[in-house]
Amino acid sequence: MEKRVRVRFAPSPTGGLHMGGVRTALFNYLFAKKHGGDFILRIEDTDQTRFVEGAEEYIVAALKWCGIEPNEGVGFGDGPHKPYRQSERKELGIYKKYADKLIASGHAYYAFDTEEELNDMRKRLEAAKVVAPQYNAVTRQNMRNSTTLGEDEVKKLLAEGVKYVVRLKVPRNEEIRFNDIIRGWVTVNSAQVDDKVLLKSDGMPTYHLAHIVDDIEMEISHAVRGEEWLPSAPAHILIYRYLGLEEQMPMLAHLPLILNPDGNGKISKREARFPVFPLSWKDPREVMPYIGYKESGYYPEAFVNILALLGWNPGNNEEIFSVAELAELFSFERVHKSGAKFDPEKAKWFNQQYLRKQSDEDLAKAFKPILKEKGYEKEDAFMIEFCKLVKEKVQFVHEFWDHGKYIFEAPTTYDEKVITKKWNDTSKALFTSVLENFKSITDWKMQTIHDSFEELVKQVGKIDMQLLRVLITGVAGGPQLFDMIALIEKDEVIKRLETALNKL
RNA sequence: GGCCCGUUCGUCUAGGGGUUAGGACACGUCCCUUUCACGGAUGAAACACGGGUUCGAUUCCCGUACGGGCUACCA
């Protein structure tokens, strides 16, 4: 029988969750949805030295904003496998049990080496031109551990409470093969794998032990994680094997990385000239907060859509997908092997697509507080009409201001290019007649203004529309001219025309 | 350095033994609009290189180059 699909997103709370992490969470979520399975949030807080205040809360909030909510785990309700925080699970003795089992079966051992001794070992190996110094089948023979020390000595050290770690006893030369859903068969020789620390001297498990124990105990069916874990996967295979759990081992899927748009390498929060966090993140160790996608004006649906198409696509030419559609379409077979450079320009385009789907009413509602900040308040009908007029020019709601502020504010300067090119001796008389014409209009509606203007043109000849636009708004471009004039309202238009005629 | 993974327009990608190698973003031109944008049309733009295998390779295999990841009592 097929195992029930149970996947997990298992970040460590060492900082804000960035877009790479969100994408990993997303792919887990989509896979779970697709197969009617479970999606779990597990917090891997086994490194006490790297714990960052607020990180866990941030992870939960970010997932909520993105709409990719786990149905089990920290912040989303306990399931049958609680607790979901590894520090709490450690207190329950869960990991030690497994470590002891490995020691008992001879697949792990105690190591008493101090930091200095480890450093000395590396220095010695480097001096001897060993290419990759590591604690392994060869070097462990010269170190202080339970494979070299006598049984009595080990017992004595343990009884004395001497600090120790538990290391995995990796064989000297053995082919390790595993089948990655995305990458296919990967083969590594165990000589490349070091004797990984399983239990640290503070009693905490390392990632290597903890995630395996938890994946087994939480009945995880697929371990979906970033490519950076590929090199340590062989060690993980060994742990499952030595625990006698190879049969229950989750399927492995290593996701390609999201790379920097310029230059290369993994996306880094420091260098990026675009947001890397879903929500703004204030690191307690740093002064400046990092602005997020949310604060930059992105819709969560757009953000998720962008992420989904980084390293995956459905195989057709479509690009706009809701989360539900993505869940329907998703499969690991269509996930790439190679990393994807993130393109901030295309990200904006995605947001624009989602903005256009919004109703004028919703856009008006969203823009209202921004306008208020600028010092203007207008009734709803006005706002809706305004958004309708300007929406096709913007990618973000806050851009309504940049592209439409002249509707609220009279111009202080006039587009020089247009004025130099088009303003001449006859202009003043011409636009004075426009002013008079406008003054005579009683029914200030787009069609009426337009018709009246047409009549005037018949009498006085061609009037430059762009010049008219510049006199009223100061800028050369903008939305449909007569729609805009109607929106600005009669008194204001007349006032602006008078001012312009005086100034020019 | 070593190991692992990868490589189709600038970027995201489709495709896959025989194609005019398709789409999207960005860019150019034109049309629409008495403006800008939207929209439409169109252009420029790619199979990293070298060897095989094959009647035929961008597609399969092997090398090389390049890129990335890992190389901690971090995840």
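Numbers restart at 1 for each chain; the letters A, B, ... are given by sequence-line order, proteins then strands.
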At 4.0 Å (heavy atoms only), tell me whether [X] reaches a base, stays on the sugar-phosphate, or touches nothing.
| X | value |
| --- | --- |
| Q134(A) | nothing |
| P256(A) | nothing |
| T14(A) | nothing |
| D113(A) | base |
| R469(A) | base |
| V186(A) | sugar-phosphate |
| T46(A) | sugar-phosphate |
| K462(A) | base |

Counting only Watson-Crick or G-U wobble pairs whose two distances fall under 3.5 Å, which nucleotide matches [N]?
| N | result |
| --- | --- |
| C49(B) | G63(B) |
| G1(B) | U71(B) |
| C30(B) | G40(B) |
| U19(B) | none |
| A24(B) | U11(B) |

Any idea which of [options] is nearest the [X] side chain?
| X | options | answer |
| --- | --- | --- |
| L257(A) | G69(B), U33(B), G6(B) | G69(B) |
| L230(A) | G68(B), C4(B), A75(B) | C4(B) |
| V188(A) | C3(B), G6(B), G69(B) | C3(B) |
| K200(A) | U35(B), A75(B), C70(B) | A75(B) |
| P231(A) | G69(B), C3(B), C73(B) | G69(B) |
| R122(A) | U33(B), C25(B), A72(B) | A72(B) |

Quiz item: Could R167(A) and Y135(A) be counted as a cation-pi pair, given that NZ or CZ must be under 6.0 Å from the ring centre and within 45° of the axis?
Solution: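 Here R167(A) passes the 6.0 Å and 45° test against Y135(A).
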Quiz prompt | Test: K357(A) cationic atom under 6.0 Å from Y354(A) six-membered ring centre, within 45° of axis | solution =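 Verdict for Y354(A): a cation-pi partner in K357(A).
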Quiz prompt | Spacing of CG belonging to L198(A) relative to OH belonging to Y95(A), to within rounding of 0.5 Å | solution =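 Atom-to-atom, L198(A):CG and Y95(A):OH are 12.5 Å apart.
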Practice problem: To the nearest 0.5 Å, tell me how far I384(A) CD1 sits from F367(A) CZ. | Solution: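 Going from CD1 on I384(A) over to CZ on F367(A), the span is 13.5 Å.
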Quiz item: Between the side chains of N189(A) and E174(A), does any donor sit under 3.5 Å from an acceptor?
Solution: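 Checked: N189(A)/E174(A) side chains show no N/O donor-acceptor pair below 3.5 Å.
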Quiz item: Looking just at side-chain N and O atoms, do Y164(A) and N145(A) make a donor-acceptor pair shorter than 3.5 Å?
Solution: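 Their side chains do not contain a donor-acceptor pair, so the 3.5 Å distance test is not met.
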Is [X] side chain donor-acceptor paired with the [N] base, going by distance under 3.5 Å alone?
| X | N | answer |
| --- | --- | --- |
| K337(A) | U7(B) | no |
| R183(A) | C5(B) | no |
| T206(A) | C73(B) | no |

Considering only the [atom1] atoms, how many Å lie between [N] and [M], rounded to the nearest integer?
| N | M | atom1 | value |
| --- | --- | --- | --- |
| A26(B) | A37(B) | P | 12 Å |
| G63(B) | U53(B) | C1' | 15 Å |
| G23(B) | C9(B) | C1' | 12 Å |
| G22(B) | G15(B) | P | 14 Å |
| U58(B) | G51(B) | P | 12 Å |

Quiz item: Judged by atom type as modelled, is there a donor-acceptor pair below 3.5 Å linking the side chain of E399(A) to the main-chain atoms of F396(A)?
Solution: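 Pair found, side chain donor or acceptor close to backbone of F396(A).
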Exercise. Determine, for D195(A) against K169(A), whether the closest basic-nitrogen to carboxylate-oxygen distance falls under 4.0 angstrom.
Key: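 The answer is no: the pair does not qualify as a salt bridge.
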Quiz item: Reading nucleotides 10-15 of chain B 5' to 3', which nucleotides get B (base under 4.0 Å from a protein heavy atom), which S (sugar-phosphate only), which -?
Solution: -SSSSS
Quiz item: Around atom CD of E286(A), are there more than 12 heavy atoms of other residues, nucleotides or ligands at under 6.0 Å?
Solution: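 More than 12 within 6.0 Å, yes.
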